[in-house]
Q: 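The structure's right below; bear with me while I get my questions together.
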Protein chains: 4
Amino acid sequence: MPRVTEQHRAARRDQILAAAVRCVAREGFHKTTMADVIREADLSAGAVYLYFRGKDDIIRALAERSIGRVAHVLVAMQEQQPVVRPEDALQAALEELLSTAGEAADDLLRVGVQAWGEALRDEAVHATVSTQLRRLRHTMADLVRRAQAEGLVSKQADAESAAALLCGAIPGFILQRLVLGDLTPASYVDGLRGLVSPAGR
Amino acid sequence: MPRVTEQHRAARRDQILAAAVRCVAREGFHKTTMADVIREADLSAGAVYLYFRGKDDIIRALAERSIGRVAHVLVAMQEQQPVVRPEDALQAALEELLSTAGEAADDLLRVGVQAWGEALRDEAVHATVSTQLRRLRHTMADLVRRAQAEGLVSKQADAESAAALLCGAIPGFILQRLVLGDLTPASYVDGLRGLVSPAGR
Amino acid sequence: MPRVTEQHRAARRDQILAAAVRCVAREGFHKTTMADVIREADLSAGAVYLYFRGKDDIIRALAERSIGRVAHVLVAMQEQQPVVRPEDALQAALEELLSTAGEAADDLLRVGVQAWGEALRDEAVHATVSTQLRRLRHTMADLVRRAQAEGLVSKQADAESAAALLCGAIPGFILQRLVLGDLTPASYVDGLRGLVSPAGR
Amino acid sequence: MPRVTEQHRAARRDQILAAAVRCVAREGFHKTTMADVIREADLSAGAVYLYFRGKDDIIRALAERSIGRVAHVLVAMQEQQPVVRPEDALQAALEELLSTAGEAADDLLRVGVQAWGEALRDEAVHATVSTQLRRLRHTMADLVRRAQAEGLVSKQADAESAAALLCGAIPGFILQRLVLGDLTPASYVDGLRGLVSPAGR
DNA sequence: TATGAATGAGCATTCATTCAT
DNA sequence: GATGAATGAATGCTCATTCAT
């Protein structure tokens with residue numbers, strides 16, 4: 001019976017979070033009401049509180065889900081065999097980010113932007129975001145060092161700084177993509193490649 | 001008397017917005033109450049409504065003020081004579097961003113992050129943010145083209161893509177700076193320089 | 001099977017009421033939730049509803065149990081042979097009240113105080129409390145009359161009024177004991193004896 | 001302007017408390033909703049919260065008002081010149097208690113019974129009740145000692161114990177009066193006088 | 001009998017905005 | 001222009017009770 005119950009529990013939490021993602025993508029954390037989530041999840045008020053402590057708890061879970069996805073994508077990438085140029089890794093990560101299955105990819109990105117804002121005022125969300133950001137940077141730095149070992153990147157480059165820049169390019173891509181809607185991973189990373197290629201030709 | 005009245009009006013609006021910046025930096029747009037702003041501005045409830053239509057009006061003004069600052073900094077930079085490498089322009093812009101006088105620079109950056117989130121749900125804020133983002137990218141593209149003309153950047157690079165990447169690096173800097181607190185403009189842009197320098201040395 | 005079933009039923013009811021007494025002593029009738037009682041009784045929600053119609057039913061049973069105890073103590077006392085002075089009967093009753101076995105005596109007294117309040121708003125609880133109060137007074141009046149017959153109390157005294165006063169002294173003892181915690185039956189009844197003894201000595 | 005504002009404030013608080021007394025007398029502390037009080041006070045929800053921190057704050061103020069009245073009555077009595085027999089003082093106090101002007105006397109007594117119950121679970125109400133109870137007992141003990149000095153009460157009586165008993169008679173009077181409705185101060189105190197008068201006549 | 005997930009009406013409280021002074 | 005008491009719809013959350021298993 002624990003099996004069924006645990007599965008049930010996880011499924012219900014997911015049902016609620018998926019509904020909340022859609023609401024928050026539309027209205028942001030604070031304009032989304034519990035009534036919105038309850039209606040979207042097609043549950044009763046009491047049921048939602050059986051699976052989450054309250055609205056804050058849902059917000060934190062959403063922050064984790066949205067911010068975690070980015071780091072997750074890169075970690076999965078880094079674990080695959082061939083060493084690649086960091087630019088290529090960035091491009092692959094951005095492409096992966098836009099193709100989330102099951103859930104509308106855009107919705108999760110929108111929730112992520114909300115999470116950035118919330119990290120500045122809620123200690124728990126801040127903890128989630130800073131942890132994931134650090135993990136992202138750490139993974140990226142490893143990637144850069146492996147590229148340096150293969151001669152794909154100059155040995156003089158500081159891997160940590162390069163990782164910070166590469167990670168830093170991600171929010172800017174998401175933002176421009178969501179606000180202006182005119183960027184593809186390829187064109188964006190080509191901008192980096194253009195700057196990288198030697199001048200004077 | 002229009003002179004005095006107009007000055008008075010502008011001063012009052014600024015007093016209210018400065019107060020609102022401090023509140024929003026602390027609690028975000030939606031957890032900041034009008035009562036918070038009114039108290040922080042040391043005014044009466046009625047007074048605030050003489051200068052702003054309502055809370056949304058204040059939010060829009062804050063979005064403009066915070067997002068506008070970034071573009072403003074770069075435009076001012078581009079208007080100065082010598083042509084510089086885009087990386088140097090980016091570094092100078094980030095440094096300028098951290099040294100806002102009068103208002104705590106961090107507070108305005110925090111309000112900016114809130115504005116990104118709000119742009120996804122409020123049409124008016126979206127208009128402000130997208131306009132400023134486009135202006136930023138346009139200015140940056142000009143800068144890149146001038147650098148190409150001087151041989152500082154490869155002629156094969158696509159100026160628009162490079163501008164998108166360079167602009168995209170800014171939100172990531174702000175976010176890492178506010179959340180992790182461990183980045184300087186110099187180290188961040190060095191990350192870009194490291195990737196740019198030819199490998200194999 | 002009726003035997004076993006009936007015993008089982010009584011045992012379950014008692015298990016639930018005992019749990020409810022502990023909860024209500026802590027939090028009062030209305031801040032005690034059914035969930036509290038269910039947890040304290042170590043049963044399931046459904047089980048409790050097999051033995052009680054609902055929360056009101058439990059409240060009424062608790063009122064009966066707590067208020068009934070006082071009258072029960074005095075009735076038991078009156079049935080014993082020797083005729084005593086009413087003051088001595090009061091003292092013995094108060095002592096008996098503080099020494100309830102099995103259940104913490106204080107808990108039941110606390111529930112009693114809750115029942116006084118509930119009697120003012122719930123007709124069923126009012127019926128219980130007024131019945132028990134009347135029974136208490138009736139028993140006490142009998143006691144006074146028997147003491148008068150033995151010359152222990154002035155024949156001119158009105159037995160009904162004396163009974164009302166003696167019964168009326170009980171809530172005040174309970175209240176001062178629970179709130180101030182500094183009264184013993186002996187010292188309290190000595191207060192009465194002091195007033196009774198002729199002045200001028 | 002402070003004068004007007006302060007008076008206004010006190011008047012509004014009183015308006016709300018008077019409404020709350022009527023509600024609580026009917027339904028008890030916890031079955032009285034804020035909506036009940038708001039409706040009875042003929043105010044808006046927001047207005048009530050301008051004068052009280054919340055429901056708990058109102059409950060505490062009601063406890064103070066109801067319990068304080070009893071002690072207040074006795075203190076006022078003790079300050080008058082002639083020394084009286086404690087029984088007479090008790091009777092006068094009970095009579096005063098039943099004749100509160102402006103507010104229905106019964107309503108305030110009912111709120112008092114609620115306050116006894118609340119004192120057992122809310123620390124703030126407990127503090128109010130225990131303070132007032134102590135003040136009541138202190139005043140009564142003074143009264144007894146003055147009666148002893150005048151030879152109205154035996155010198156051998158312990159004033160503190162007698163005071164405890166006399167104070168203890170008050171809740172019992174209130175309770176029997178509210179629940180059974182058949183007691184007058186005179187008949188009740190006559191019960192005490194009957195016990196006091198020497199037997200054997 | 002027994003379970004415990006689900007229900008949904010009801011509650012205390014907040015807050016953007018107004019308007020009589 | 002300036003004030004701040006007043007408004008009341010809206011919000012997050014609770015809890016007595018039911019019922020499919």
Side-chain angles (χ1 to χ4, degrees), chain A residues 1 4-5 8-9 11-12 30-39 41-59, chain B residues 1 4-5 8-9 12 30-39 42-59, chain C residues 1 4-5 8-9 12 30-39 42-59, chain D residues 1 4-5 8-9 11-12 30-39 41-59:
Chain A
M1 197 191 294
V4 172
T5 290
H8 177 80
R9 186 168 183 79
R12 270 278 192 267
H30 298 288
K31 282 287 177 183
T32 294
T33 68
M34 286 303 284
D36 292 339
V37 175
I38 287 158
R39 197 183 317 111
D42 202 28
L43 285 172
S44 66
V48 169
Y49 285 87
L50 236 41
Y51 298 95
F52 290 93
R53 209 135 347 122
K55 190 177 176 181
D56 286 356
D57 200 22
I58 293 182
I59 288 178
Chain B
M1 202 191 290
V4 173
T5 292
H8 177 81
R9 187 167 182 81
R12 274 275 195 266
H30 298 288
K31 282 286 179 183
T32 294
T33 68
M34 287 301 281
D36 291 338
V37 175
I38 287 158
R39 197 182 317 111
D42 205 26
L43 286 171
S44 67
V48 169
Y49 282 85
L50 285 174
Y51 298 98
F52 289 93
R53 202 124 8 109
K55 191 178 177 181
D56 286 356
D57 200 21
I58 293 182
I59 288 177
Chain C
M1 203 190 291
V4 173
T5 292
H8 178 80
R9 185 165 183 81
R12 272 276 195 264
H30 298 288
K31 282 287 178 183
T32 293
T33 67
M34 287 300 281
D36 290 337
V37 175
I38 287 158
R39 198 182 315 110
D42 205 27
L43 287 172
S44 67
V48 170
Y49 282 86
L50 285 173
Y51 298 98
F52 290 93
R53 201 122 12 106
K55 190 179 178 180
D56 286 355
D57 200 21
I58 293 181
I59 288 178
Chain D
M1 198 191 292
V4 172
T5 290
H8 177 81
R9 186 167 183 80
R12 271 275 192 268
H30 298 290
K31 281 287 178 183
T32 294
T33 68
M34 287 302 283
D36 292 338
V37 176
I38 287 158
R39 197 183 316 110
D42 203 28
L43 285 172
S44 66
V48 170
Y49 284 87
L50 236 41
Y51 297 97
F52 290 93
R53 212 142 336 128
K55 190 178 177 180
D56 285 356
D57 201 21
I58 293 182
I59 288 177

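Atom set for the values below is all heavy atoms of this structure, side chains included, hydrogens, waters and symmetry mates excluded. Predicted, not measured: the structure shown is a model, and the values here were computed from it.
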Q: Got a second to check how far D57(D)'s CG is from Y49(D)'s OH, nearest 0.5 Å?
A: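 Interatomic distance, D57(D) CG to Y49(D) OH, rounded to 0.5 Å: 10.5 Å.
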Q: Measuring only the P atom in each nucleotide, how far is dT1(E) from dT21(F)? A whole number of Å is fine.
A: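 Their P atoms lie roughly 22 Å apart.
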Q: What pairs with A45(A) under side chain to side chain contact (heavy atoms under 4.5 Å, CB included), at least two apart in sequence or on another chain?
A: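 A45(A) satisfies side chain to side chain contact (heavy atoms under 4.5 Å, CB included) with I38(A) once adjacent residues are dropped.
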Q: Fill in the dot-bracket string of DNA chain F, one character per base: . for unpaired, | for a pair to another strand, ( ) or [ ] for pairs within the strand, taking Watson-Crick or G-U pairs under 3.5 Å.
A: .||||||||||||||||||||
Q: Would you say that R12(B) contacts L50(B) through its side chain, given a criterion of any heavy-atom pair below 4.5 Å between the two side chains?
A: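 Answer no - side chains too far apart.
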Q: Give me the distances for all protein-to-nucleotides 10-12 of chain E N/O pairs that come in under 3.5 Å?
A:
from    : atom 1 : to     : atom 2 : distance (Å)
dA12(E) : OP1    : M34(D) : N      : 3.4
dA12(E) : OP1    : K55(D) : NZ     : 3.0
dA12(E) : OP2    : M34(D) : N      : 2.8

Q: Just distance, no hydrogens or angles: give the donor-acceptor pairs under 3.5 Å from side chains in residues 30-37 of chain A, sequence neighbours left out.
A:
from   : atom 1 : to      : atom 2 : distance (Å)
H30(A) : NE2    : E118(A) : OE1    : 3.0
T32(A) : OG1    : C23(A)  : O      : 3.3
T32(A) : OG1    : G28(A)  : O      : 2.7
T33(A) : OG1    : A35(A)  : N      : 3.4
T33(A) : OG1    : D36(A)  : N      : 3.0
T33(A) : OG1    : D36(A)  : OD1    : 3.3
T33(A) : OG1    : D36(A)  : OD2    : 3.3
D36(A) : OD2    : T33(A)  : N      : 3.0

Q: Classify the nucleic acid contact of R12(C) as base, sugar-phosphate or nothing, counting any heavy atom under 4.0 Å across all strands shown.
A: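 Sugar-phosphate: the residue R12(C), judged by heavy atoms under 4.0 Å, touches backbone atoms but no base.
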Q: Students should find this one: the first and last nucleotides of DNA chain F, 5' to 3', lying under 4.0 Å from a heavy atom of chain A. What are they?
A: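 Span of nucleotides near chain A: dT11(F) to dC15(F).
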Q: By nearest nucleotide on DNA chain E, pick out whichever of D56(D) and Y51(A) is the more 5' one.
A: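 It is Y51(A), whose closest nucleotide lies nearer the 5' terminus.
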Q: Of L50(B) and I38(A), whose closest DNA chain F nucleotide lies nearer the 5' terminus?
A: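 Its nearest nucleotide lies further toward 5', so the answer is L50(B).
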Q: Between G46(C) and G46(B), who's closer to the 5' end of DNA chain F by nearest nucleotide?
A: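 Final value for this comparison: G46(B).
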Q: Classify F52(A) by what it touches in the nucleic acid, base, sugar-phosphate, or nothing, heavy-atom distance under 4.0 Å.
A: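 Since no nucleic acid heavy atom lies under 4.0 Å of F52(A), the category is nothing.
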